[in-house]
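Numbering of residues begins at 1 and proceeds along the displayed sequence.
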Amino acid sequence: MRLSEKTNLPELLKEIRKKKKLTQAKLAEKIHCSRHEIISIEKGEYAPNFKLICRWAKACGKQLMLRSITKAEIEIEKS
């Protein structure tokens, strides 16, 4: 699944957790965070950092790939 600006990350993370049949407590234990943090993320009250998203995906048997959609170009003028 590709993420875009329209992707609801909290819903997606909750969905992959449920498909793996993990409780919030069990997931929290696997990814070394609190159950309260899992709840806050799934409610959209707390934005997880990239490392936490990676651990979440791995714990749920998903592979996370980061791709650049646009290529940044920098031009430096010679003086």
Asks: Check for me, please, whether L9 and I39 land in the same ILVMFWY cluster - side-chain distances under 4.5 Å, paths through other members count.
Replies: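 Result: no, two separate clusters.
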Asks: So which heavy atom on C33 is nearest to which on E37, and how close?
Replies: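 Heavy atoms of C33 and E37 come nearest at CB-OE1, 3.1 Å.
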Asks: Using side chain to side chain donor-acceptor pair (under 3.5 Å) as the criterion, list what pairs up with K20, not counting sequence neighbours.
Replies: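 In terms of side chain to side chain donor-acceptor pair (under 3.5 Å), with neighbours along the sequence ignored, K20 is linked to no residue.
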Asks: Would you name the heavy atoms of P10 and G44 that are closest together and state the gap between them?
Replies: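 Residues P10 and G44, closest heavy atoms: CG-CA, 3.7 Å.
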Asks: In residues 48-58, what donor-acceptor pairs under 3.5 Å come from side-chain atoms, sequence neighbours left out?
Replies:
| from | atom 1 | to | atom 2 | distance (Å) |
| --- | --- | --- | --- | --- |
| N49 | OD1 | K51 | N | 3.2 |
| N49 | OD1 | L52 | N | 2.8 |
| R55 | NE | I31 | O | 2.9 |
| R55 | NH2 | I31 | O | 3.0 |
| W56 | NE1 | L13 | O | 3.1 |

Asks: What residues form a side-chain contact (heavy atoms from CB on, under 4.5 Å) with E45, not counting sequence neighbours?
Replies: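 In terms of side-chain contact (heavy atoms from CB on, under 4.5 Å), with neighbours along the sequence ignored, E45 is linked to S40, K43.
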Asks: Please determine whether a side-chain nitrogen of the Lys or Arg among E29 and K26 lies less than 4.0 Å from a carboxylate oxygen of the Asp or Glu.
Replies: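 Counted as a salt bridge, because a side-chain N and a carboxylate O are separated by less than 4.0 Å.
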Asks: Out of I41, L27, L12, which residue meets the side chain to side chain contact (heavy atoms under 4.5 Å, CB included) rule with R17?
Replies: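 One option only clears the test, and that one is L27.
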Asks: Say you draw a straight line from NZ of K18 to SG of C60; how long is it, rounded to the nearest 0.5 Å?
Replies: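 So the NZ of K18 and the SG of C60 are separated by 12.5 Å.
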